[in-house]
Amino acid sequence: MIDRRNARARRGYTLIEMSIVLAVLAIASGLVVPALVDLGRTPQRRTADSLLSLLNATRRLAIDHNVTATLILDPKSGNYRVDSVGVFGAGPVAQSQIDLLGMESMVTDQPRLTYTFQPTGAAIGDTVRVRGGDSSVVISVDPWSGVPYAGH
């Protein structure tokens, strides 16, 4: 008779087991739900992000090495070159290409975009519009701080 009662009482889950399952579900939903809520809302700005990183890297080069760094960019092909001028001379630092992904393009009146960063971080630079699909982003640099930013 005692064995029957213990078997009957043990058929369900304990409160501790249910609490552990609920805790695991809460953690999993906390990680997944934010990604699902933002799904499709944030436009991908891959070319704009690449250009912003390149401008930040050029500014960092000028500040860290106490040189004047100039970025010259062809908006049609995405080819760029970074040159530096400092106490120890002048010369090219980097040369490569920004991949214009998908239907994205850089739109400007200039045949070449030029951004010059001083050792203090200040900058002189052009403005370019990166268009892709149905969105458009304007990339420029703050002349006083030299920090590149994206606006609409």
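What you see is a predicted model; the values in this text were computed from it and never measured. Side-chain atoms are counted along with the backbone in the values below, which use heavy atoms only and exclude waters and symmetry mates. The first residue in the sequence is number 1, and the count goes up from there.
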Check whether Asp126 reaches the backbone of Thr114 with its side chain - one donor and one acceptor, N or O, closer than 3.5 Å.
yes
Identify the two heavy atoms, one from Ala69 and one from Leu61, that lie closest to each other, and give their separation to 0.1 Å.
CB-CD2, 3.9 Å
Nearest heavy-atom contact between Val93 and Ser84 is CG2-OG, 3.6 Å
Rounded distance [0.5 Å steps], CZ in Arg131 versus CE in Met106
13.5 Å
For Asp142, does its backbone N or O pair with a side-chain atom of Tyr149 as donor and acceptor, under 3.5 Å?
no
Separation of Leu15 CG from Ser19 OG (nearest 0.5 Å)
4.5 Å
Per side-chain contact (heavy atoms from CB on, under 4.5 Å), Phe117 is matched among Thr58, Val82, Asn56, Thr70 by Thr58
Could you measure the distance from the CG atom of Leu73 to the CD atom of Gln110? Nearest 0.5 Å is fine.
12.0 Å
Shortest non-hydrogen pair, Asn79 vs Ser77, comes out as ND2-OG, 3.1 Å
Value for CG (Leu113) from OG (Ser140), rounded to nearest 0.5 Å, stands at 11.5 Å
State, with a plain yes or no, whether a side-chain heavy atom of Val107 is found less than 4.5 Å away from one of Val128.
no
Can you list the steps and then say if Asp99 with Thr47 is a side chain to side chain contact (heavy atoms under 4.5 Å, CB included)?
CA-CA 7 Å; Asp99 293 327; Thr47 301; over 6 Å; no
Tyr80 versus Leu54: any side-chain heavy-atom pair under 4.5 Å?
yes
Looking at Pro75 and Arg112, what are the two nearest heavy atoms and their distance?
CD-CA, 4.2 Å
Assess, by modelled atom type and distance only, whether the side chains of Ser136 and Arg129 contain a donor and an acceptor separated by less than 3.5 Å.
yes
Rounding to 0.5 Å, atoms CZ (Arg60) and OG (Ser53) come to a distance of 13.5 Å
Ile16 atom CD1, over 12 foreign heavy atoms within 6.0 Å:
no
Do Tyr115 and Leu55 have side chains that get closer than 4.5 Å, going by heavy atoms?
yes
Measuring only between side-chain heavy atoms, which start at C-beta, is Thr68 closer than 4.5 Å to Pro119?
yes
Closest approach of Leu51 to Ile139 (non-hydrogen atoms, all atoms of both residues):
CD2-CG2, 3.9 Å
Between atom NZ of Lys76 and atom OG1 of Thr108, what is the distance when rounded to the nearest 0.5 Å?
9.0 Å
Just by distance, do the side chain of Gln118 and the backbone of Ala123 share a donor-acceptor pair under 3.5 Å?
no
Should we say atom CG of Asp109 is surrounded by more than 12 heavy atoms from elsewhere, each under 6.0 Å from it?
no
Distance-minimising heavy-atom pair for Pro92 and Asp83:
CA-OD1, 3.3 Å
